Every structure is written in structure tokens, then in C-alpha cells.
Amino acid sequence: MGKLYVIGIGPGSIENMTLRAKEAIEKSDIIVGYTKYVDLIKTLAKGKEIFSTGMKGEEERCKEALRLSKDNIVSIISTGDAGIYGMAGLILELKDGEDVEVIPGITASSAAASVLGAPIMHDNCNISLSDLMTPYELIKKRIEMAAEGDFVISLYNPKSKGRPHYLRESLETIKKYRAGNTPVAVVKHALRDGQDVKLFNLDSFDDSQVDMMCIVIIGNSQSYIKQGEFITPRGYKL
Ligand code: SAH
């Protein structure tokens, strides 16, 4: 009898992975994942059979993981949380009787928040700016609604060469609802080698250094910077 673990490995280093994720990888015969992500856990994956594909091979990877899991213990890995722009959804959509267990991980917004201070302390939402599977019109609508609803907003997949202006346009929309001094943080490689943090506000925001290795967090109307730390108050009367 085989099994498929769908694992969120967190940002990448072993100490930021759950014990449950680590143990599932250790007991797996086969590891399936995007080449770069398998590399992040190479010490754990040592000696195991690896099935890795490039970024766009998601469907192929999931089908192969499900097929292999009929007779083997298999882990398919996503960075962060597998249930947030990861592999969990597609696996469950494709699943047909296989034994699947989803194991959570620290998603990029939580990883980045820990580096910044406490920016997502209050109601918040994740929006991906990738239009590969979501029409830009719908992304724009969600930005507008989240801005109007005063949610702290974490932007995943914030900028790629094919859509360089989406991030700027999103921030312009948010500016219609929030003050120019609202904090905006860009965290690149949160909790990974090469981590880099940049703090701006809506007026000073500069997207020139932003790429797909970054997450962008925009505060709500109450967020502020205190001694370099990005805080969204929960409402305690101090
Ligand atoms: N499943 C992942 C998200 C995958 S979508 C998770 O839960 O974190 C890929 C996007 O996530 C990237 O373009 C980037 O915006 C963000 N991301 C993932 N890891 C990151 C990290 N360590 N630092 C900053 N952003 C990250």
C-alpha cells in the first residue's frame, strides 16, 4: 500500500519546516517537486528517488506523484504551504482513490511578516498577481475590493517580465483608499539565503527591485512603522 504526502516545506530551511513535514519526507521513497524546491531540501532527500520537472510541469508532476503513490510512499513538495498557490488543490482535483495526506507549512506571507514585525496582525488577504490562470480583470477587482475593505494585502507573484505593470497598477488602486504614508514592504527570499527587506510607503514605493522571489505586503489604514518594525495594531487601547 502506497501513500502520497502533499507537503508545504515552508520557506526552505529545515528549521522552518514542521516536524510532521520533515518526518514525512524522511519516510518517503520518492520525492516529487519543482527542481529548485527539491534542491532546498536536498539533505533530507539524499539517497531517495527524485522526480522533478520545470516550473510549468505542474499537471505532469501531480499525475506522476499520484501514479507512483499507488505502490510507494511519495512526497510531493511545495514551498510555503501546499494549500496556498501550491500543489494541494490540483492533487485533490486529480485524485482517484489514492491515499493522500496534506501537511501544512509556513506560507510566504507569514515568513515575511515575521521578518518585518507584525504587519498581518489584523484581517488580511493574499492576492496573486499571476494571470496565468486568473484573468487580470478579476485580479483587479479583488485588489479594489480588498483595498476598499481595508484588508492588509499580501501580493504573491508580484511582478514578472510578461506583466511588469500589474504591481504599479495595483498600488495605484490601493492608493485611492489609503493614505500615502501607508507602509508597503517588499521581502525577497524571506527566511532564505539572500533575504532582503525594503520598506516604503504608498507614495515612495519603487517597484524596480521587485521580482518573483518577493512578496509585497501593504498595510491597512492603521498600520505604521515603529523603530523599523511594520505593525498593524489589533486594537488594544494602550
Ligand atoms: N505555496 C507558496 C506560494 C507559491 S506562489 C507559499 O505558501 O508561500 C510563489 C510566490 O510566493 C512567489 O512569487 C513569491 O511571491 C512568494 N514567495 C514564496 N516563497 C517566498 C519567500 N521565501 N520570500 C518571499 N516571497 C516568497
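Source: prediction; values computed, not measured. No hydrogens, no waters, no symmetry mates; every other heavy atom, side chains included, goes into these values. Ligands are counted one by one from 1 in listed order, and the atoms in each one are counted from 1 as well.
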J.: Contact between Val184 and Asn201 at the side-chain level, heavy atoms closer than 4.5 Å - yes or no?
T.: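 They are not in contact (no side-chain heavy atoms under 4.5 Å apart), so the answer is no.
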J.: Do the side chains of Tyr156 and Ile215 get nearer than 4.5 Å, heavy atoms only?
T.: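 Counting from C-beta outward, Ile215 and Tyr156 do come under 4.5 Å.
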J.: Can you list the residues that meet the side chain to side chain contact (heavy atoms under 4.5 Å, CB included) rule with Leu90, with sequence neighbours excluded?
T.: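 Once residues adjacent in sequence are excluded, the partners of Leu90 under the side chain to side chain contact (heavy atoms under 4.5 Å, CB included) criterion are Glu58, Cys62, Leu94.
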J.: Please report the interatomic distance CG(Asp71) to CD1(Ile30), rounded to the nearest 0.5 Å.
T.: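 That separation rounds to 9.0 Å.
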J.: Pairing donors with acceptors under 3.5 angstrom, does anything connect the side chains of Tyr5 and Glu23?
T.: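 No.
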J.: So, Asp131 versus Tyr166: side-chain donor-acceptor pair below 3.5 Å or not?
T.: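 Tyr166 and Asp131 do have a side-chain donor-acceptor pair below 3.5 Å.
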J.: Residue by residue, ordered by chain and number, which ones reach under 4.0 Å of ligand 1 with a heavy atom?
T.: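 Heavy-atom contacts below 4.0 Å: Thr79, Gly80, Asp81, Ile84, Tyr85, Thr107, Ala108, Tyr156, Asn157, Pro158, Val187, His189, Ala190, Arg192, Met212, Met213, Cys214, Ile215.
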